[in-house]
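Read through the structure below, which is laid out as structure tokens, and then see the notes.
The basis for the numbers below is simple: all heavy atoms, side chains too, and nothing from hydrogens, waters or symmetry mates. Index from 1, following the sequence.
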Amino acid sequence: MNLLTRNPGRRHGRSLRTRLLLFISATLVVVCAAMSLTTVFVQRAYLIGNLDDRVGNAAERSLGGAELQPTLADNLGFLLENGHAVGTLAARFDDQGTITAAAVVRQDAPPQALTAAQRTALKGIGADGAMHTRTVPGLGTYRLTALDSDGVRVLTGLPMDDVQDMISGLVVVEALLALAGLTVAGCLCAVVIRRQLRPLGRVAATAVEVSRAPLGRGEVTALTRVPEQDTDPGSEAGQVGAALNRMIDHVESSLAERRRGEERMRRSEERMRRFLADASHELRTPLASIAGYAELMNRGTDRIEPGLAWRRVTAESARMTGLVEDLLLLARLDEGRPLQSAEVDLAALLAEAVWDARAAGTGHEWQLHLSMDAPALVTGDEARLHQVLANLLANARVHTPAGTTVTASVEATAARTVVVRVRDDGPGIPTALLPTVFERFTRADASRARAAGKEGGSGLGLAIATAITRAHDGRIDVTSVPGHTEFTVELPAATPELPPGETALHVRTAPV
């Protein structure tokens, strides 16, 4: 196993604290170096400029003294005059550039003539007043210039040792100050960076703790949050902490949603098993009846009248066919198959459904309310919408005792919807049954009385009504308390609403 495998963290470089410290230190080094070099160069330029002024003044004095004896090309007597600093170098040369005399001023001694090697170092300097820097053997570095006046040519220079010593000292001082400043700044930066990154370290520790939680399995309790003091949006670390808390909230929400999804899936599986069991039971009963009557017919007509047997077989077949058709309809609606689309008058459709229900339930009082504020027109499948209304009315008829008043109404609202309401004053739906009343094979037989001898439904009526309503982009709802149960179907209107101000006309059928 290589080193990278054993220490995978090394592949990602140093820590943020170390990188920041190195970056800031490097920046400070660059800044200090730039400031020191700038200071040195400015100071050197100033000192050289000052030296050049002194060299120019000395050259003019030397030229003035040489002009007093223009014919003596090798006379340097002007160096004996006062005003020439120790170390001043002077020379005279002819028009070919050949040095005829050269000497340097000494302390408390006559000027000392230059050797041949020293004179050689002064060659090539023209009498143009420009400044030159030359190293003279035995004397050091000089700043030199040459002047010409009517054929009198004089070269004058001053030593640069003082300037160079001063610049060297300045460099040493700048280096020491920069080193001391960098040391102090580095220590301060290390302390400040450590203090400023503490919140980020706590955020990272929280993230590590959350990452170790068993999110993929088991029950996850409340996850650790970043402390409030580390979620200040005014700082980057606070922004990271706040973002991590939001992410943890999303994770917990996702886990809760996953648990709810698993619970819904479990309940869905239970409903599916119950659905299959109920469907099997509903289909088994007519099949068993058909098989029984067929067996009796096979044994001979003396055991049962053929006409009666045939009528029972036909009735059970019709019952089984209706159940299968209901299941197929629900399957088609679940698959989202398109329904027929045409303009449907819900008022006329509801009136027909109420008359049909009154013919089937003569023991109930049926009432019909039609609001004429606006046409109750919707776009949809007329046959399926009639089935919705018929199922709601049949539900009220089957699950309420005789003498119950069932009222059906329809109206077009200002929100461009058509609302159908079917209410009764029966015993009501049990509270525990309300959340599942629209589910398949849900029965209220145990809580809502039925007439003696009347067969219960298959439990698919309200489920079919719900599926058809949703297929028409509508919604269905129910409210129920003892003495008042009301189903509400709301569908999008096919025509815009009429202007307000018209009165409503209510039509009530006479009780049966």
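The shortest distance between side-chain heavy atoms of R153 and F93 falls below 4.5 Å. Residues M160 and I48 have side chains in contact (heavy-atom distance under 4.5 Å, counting atoms from C-beta outward). Side-chain contact between Q387 and I468 is present, with heavy atoms from C-beta onward closer than 4.5 Å. Using a 4.5 Å cut-off on side-chain heavy atoms (C-beta onward), L89 and L122 make contact. Taking 4.5 Å as the limit, some side-chain heavy atom of S480 sits within range of a side-chain heavy atom of L434. I193 is listed as a side-chain neighbour of I24, based on a closest heavy-atom distance under 4.5 Å. Using a 4.5 Å heavy-atom threshold, the side chains of H472 and L385 count as touching. Two residues are said to be in side-chain contact when any heavy atoms from C-beta on lie closer than 4.5 Å; T145 and H132 fail this criterion.
Heavy atoms from other residues, nucleotides or ligands lying under 6.0 Å from CZ of R44 number 12 at most. Environment of CZ in R106: crowded, with over 12 heavy atoms of neighbouring residues, nucleotides or ligands closer than 6.0 Å.
The shortest non-hydrogen separation linking A190 to L21 is N-CD1, 3.8 Å. Across every non-hydrogen atom of V163 and L47, the tightest pair is CG1-CB, 3.7 Å. Between A91 and I99, the shortest heavy-atom distance links the atoms CB-CG2, 4.2 Å. Between C189 and L28, the shortest heavy-atom distance links the atoms SG-CD1, 4.4 Å. Considering every non-hydrogen atom in both A103 and L114, the closest pair reads N-CG, 4.0 Å. Closest approach of S341 and T379 over heavy atoms only: OG-CG2, 3.1 Å.
Every residue was checked against the salt bridge (charged side-chain N to carboxylate O under 4.0 Å, His left out) condition with D345, not counting sequence neighbours, and none meets it. With sequence neighbours left out, the side-chain contact (heavy atoms from CB on, under 4.5 Å) criterion links E490 to T417, V419, R475. Residues passing the side-chain contact (heavy atoms from CB on, under 4.5 Å) test with S36 are E174, A178, sequence neighbours excluded. In this structure, R194 has no salt bridge (charged side-chain N to carboxylate O under 4.0 Å, His left out) partners at least two apart in sequence or on a different chain. Remark: D52 pairs with R143 by the salt bridge (charged side-chain N to carboxylate O under 4.0 Å, His left out) rule, at least two apart or across chains. R195 pairs by the salt bridge (charged side-chain N to carboxylate O under 4.0 Å, His left out) definition with nothing, not counting sequence neighbours.
Distance check: L255 CG to H250 NE2 gives 13.0 Å after rounding to the nearest 0.5 Å. If you take CG on L462 and CG on N391, they are separated by 7.5 Å, rounding to the nearest 0.5 Å. We find the CG-CG distance between N50 and D162 to be 11.5 Å, quoted to the nearest 0.5 Å. Atom CZ of R258 is separated from atom OG of S253 by 13.0 Å, given to the nearest 0.5 angstrom. Taking CD1 of I248 as the reference point, atom OG1 of T206 lies at 7.0 Å (rounded to 0.5 Å). To the nearest 0.5 Å, the span separating CD1 on I429 from OG1 on T436 amounts to 9.5 Å.
Using modelled atom types, one side-chain atom of N57 and one backbone atom of D53 make a donor-acceptor pair closer than 3.5 Å. In this structure, the side chain of R134 engages the main chain of K123 through a donor-acceptor pair within 3.5 Å. The closest donor-acceptor contact from the side chain of E382 to the backbone of V344 lies at 3.5 Å or more, if one exists at all. Without hydrogens or angle criteria, Q118 side chain to T115 main chain gives a donor-acceptor distance under 3.5 Å. Remark: the backbone N or O of G87 is paired with a side-chain donor or acceptor of Y142 at under 3.5 angstrom.
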From CA spacing to verdict: side-chain contact (heavy atoms from CB on, under 4.5 Å), I476, F438:
CA-CA 9 Å; I476 186 170; F438 294 109; 3.7 Å; yes
Kindly determine whether I167 and Q43 satisfy side-chain contact (heavy atoms from CB on, under 4.5 Å), including the steps that lead there.
CA-CA 7 Å; I167 293 175; Q43 188 66 22; 5.6 Å; no
Report the C-alpha separation of L392 and V489 in whole Å, then their side-chain angles, then the decisive distance to 0.1 Å, and conclude whether the side-chain contact (heavy atoms from CB on, under 4.5 Å) test is met.
CA-CA 10 Å; L392 293 178; V489 176; 3.6 Å; yes
Check the pair E60, L147 against side-chain contact (heavy atoms from CB on, under 4.5 Å), reporting the backbone distance first and the verdict last.
CA-CA 8 Å; E60 291 177 356; L147 301 177; 4.0 Å; yes
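Salt bridge R260/E257: present, at least one basic N to carboxylate O contact under 4.0 Å.
Screening V55, T133, L155 for a side-chain contact (heavy atoms from CB on, under 4.5 Å) with L144, the sole residue that qualifies is L155.
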